[in-house]
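Worksheet: the structure to be examined is printed underneath.
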Number of protein chains: 2
Amino acid sequence: MKKGNTRDVILHTASELFQRQGYHGTGLNQIIEKSGAPKGSLYYHFPNGKEEIAIEAIKLMGHHILESAREDLSEKDTAIEAFQHHVAKIADVFDGKACVDGLQIGLIASEMASSHESIRLVCQSAYENWQTLYTECLQRFDFETERAKELAVVINSLLEGASILAQTNESGWPLRAVAKQLPALLVH
Amino acid sequence: MKKGNTRDVILHTASELFQRQGYHGTGLNQIIEKSGAPKGSLYYHFPNGKEEIAIEAIKLMGHHILESAREDLSEKDTAIEAFQHHVAKIADVFDGKACVDGLQIGLIASEMASSHESIRLVCQSAYENWQTLYTECLQRFDFETERAKELAVVINSLLEGASILAQTNESGWPLRAVAKQLPALLVH
DNA sequence: GTCTATAAGAAGATAGAC
DNA sequence: GTCTATCTTCTTATAGAC
């Protein structure tokens, strides 16, 4: 848990709960209890209530996933190695109980896309940033721009989908299956 | 809407709502209202309440996706054509407002995996059936058994993830990006 | 099989004291 | 910035008549 101010503590806790239980599955009381944040200060820091908390939490998730992805992808010398390393690290997390911070934007995106336009847009923007990072990485490894963009979308889909399967199976093996097929996908 | 008995009407409506709003986002009242089913009969048909409705609804989704996938995959002469056709049909649905019936098991799986073991298991089983169908299809096109199984997991991930992106972007283009890269994946 | 009424609790949100 | 109390609404679930 971060040691920042109350606002950050609430946001960090909300982010974690939203990813595991979704928007509607997470109560404001639960966020308060788990974070240990002062109960009365919630609507002081987030005057627009739950929706505002969700929007800020999603932005936070987006930053986290971007940071760790950037780190994973910078450690190897080929595109295949880089992305396999990235996927392998995610797989390891799913072998434990946890889910990767930032990876499960998809849950909120799915349940809110049809009802809360503002939340849908924040999710869309998070995915765009993520795909941009992938695209830049692929370009660095000499993939042509248009193909890099397309592959970024595919890899994004692959990770999002395999994460759901991993959660459902309580195991990282779906992600390892994905990692194994990456070389076929990443040919010039 | 089906014309079957009350139980089927409730189940069909619940299935649709769960897929768009998730488990916690869907109220029993909403299911009753939208289905037009008699309000008093809910706990007669589903004595175990919401959880029982969800479990039966997920099974229904699993059957629907299996049926339409089986149909899509049987119409072509190569694995690449077959799966591209399958993905293209799903993409078309996302261009409209709707989501594909059965495809969004992932939403319920994600939000319930950590709290309701029984629901997690039903989702797991639905994914298994789906992957088995893919595996059999790939074997029919001369893929070796082990490789067919692995590819089935990857295609399953790909579709599940791309569907989330499609919903978030309110467009089928992520699925078309996936379809375009399928040939690279489906090499013998 | 269906209907009404209602329990019992939790949800999000607000007001006003401190 | 934080605390307490409260309001309203909605949730799941049950009881008992028809």
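Proteins get letters first, then strands, A, B, ... in listed order; numbering begins at 1 in each.
In this entry the distance linking CD1 of Ile31(B) with C1' of dC10(D) reads 14 Å, nearest Å. Atom P of nucleotide dT11(D) and atom CD of Gln21(B) are separated by 10 Å, given to the nearest angstrom. Note: CZ (Phe46(A)) to C1' (dG1(D)) measures 14 Å, nearest angstrom.
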Counting primed atoms, P, OP1 and OP2 as sugar-phosphate and everything else as base, the B/S/- map of nucleotides 2-18 of chain C against protein heavy atoms under 4.0 Å is BBB------SSBB----
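Evaluation of the side-chain hydrogen bond (donor to acceptor under 3.5 Å, both in side chains) test over residues 42-54 of chain A, restricted to residues two or more places apart or in two chains, returns Glu51(A)-Ser118(A).
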Is there a side-chain hydrogen bond (donor to acceptor under 3.5 Å, both in side chains) between Thr132(A) and Glu128(A)? Walk through the geometry before answering.
CA-CA 6 Å; Thr132(A) 300; Glu128(A) 271 170 26; over 6 Å; no
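With Leu73(A) as reference, His86(A) is the one residue of His85(A), Glu136(A), Glu81(A), His86(A) to meet the side-chain contact (heavy atoms from CB on, under 4.5 Å) rule.
Ring planes of His188(A) and Phe143(A): parallel class, angle under 30° (limits at 30 and 60°).
Arg70(A) has no carboxylate O lying under 4.0 Å from a charged side-chain N of Glu67(A), or vice versa, which leaves the two without a salt bridge.
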